[in-house]
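Worksheet: one structure, shown below.
In each ligand, atom 1 is the first atom listed, and ligand 1 is the first ligand listed. It should be emphasised that the depicted structure is a prediction, and the values quoted were computed from it without experimental measurement.
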Amino acid sequence: MKEKIERAILGIECPKCGHDCLYKLDDGRYKCSNCKFKYSPRKLNDDLQILHYFSLEIPANKARKDFGCSYDKAGRKYMQYRNEIFLYLQKEFNKLSGEIECDESYFGGKRKGARGRGAQGKVTVFGMLERNGKIYTTLVDNVSAETLMNEIIQHAEKGSVFYTDKFRSYKSLKFFGKHITVDHGNYFANGKRHINGLVPINRDWSFAKERFLSCQRQIHWKIP
Ligand SMILES: [Zn+2]
């Protein structure tokens with residue numbers, strides 16, 4: 001696919017029909033003599049560069065600085081890619097099953113208490129990580145048992161094995177599946193992957209916020 005786009009940028013091959021009879025118009029665009037499709041190789045090149053930056057998770061404003069396109073354009077493209085990924089994953093998303101780790105994490109605000117639970121002005125993210133690598137995360141308004149259990153019931157299969165810490169909101173998990181409480185500090189020691197150690201929960205806030213805002217509060221993705 002990338003080679004195909006590069007050939008189109010060089011004016012070797014039509015990106016639409018693949019024909020090799022292109023001619024250059026006065027305004028710099030190419031026109032295909034077969035299907036009459038017109039395109040700007042510069043624009044196509046910009047798009048390819050932006051997509052490359054996006055795939056490397058380089059922020060949009062860095063992309064803009066590096067190749068001088070407008071921030072609007074880089075930002076718009078990033079938003080478009082995220083929405084497309086979101087829609088794709090939403091379609092593909094099945095409930096998590098098997099062994100699942102659940103945890104919440106907090107961004108912003110002043111940290112109060114050992115884990116920051118109940119602190120004012122914080123944005124709370126609830127996340128679930130399936131053993132095979134599928135993740136579900138969402139912003140939640142609070143960490144009440146009702147809120148968290150609703151998320152779990154909607155996004156995990158009944159009868160799964162749930163690992164959580166001893167936080168009281170997880171108490172009724174035993175009615176929904178097998179509930180195992182663990183000390184989060186031991187996750188790594190056990191060779192298990194802790195959800196807090198994974199994107200987006202433990203990345204910087206701007207990274208996560210940008211994604212949450214562009215993805216209607218939810219992110220579903222698979223760890224590569
Ligand atoms: Zn063509």
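- Atoms of the protein (N, O or S only) found under 2.8 Å from the Zn ion (ligand 1) are Cys14 SG, Cys17 SG, Cys32 SG, Cys35 SG.
- A side-chain donor-acceptor contact under 3.5 Å links Ser169 to the backbone of Ala145.
- Defined by atom type and a distance below 3.5 Å, a donor-acceptor pair is present between the side-chain atoms of His179 and Thr164.
- Heavy atoms only, all atoms of each residue included: Lys158 and Phe175 are closest at NZ-O, 3.5 Å.
- Between Phe167 and Tyr170, the ring-plane angle classifies as perpendicular under the 30° and 60° cut-offs.
- A donor-acceptor pair shorter than 3.5 Å cannot be found between the side chains of Glu130 and Tyr136.
- Counting only distance, with no hydrogens or angles, the side chain of His155 and the backbone of Glu151 share a donor-acceptor pair below 3.5 Å.
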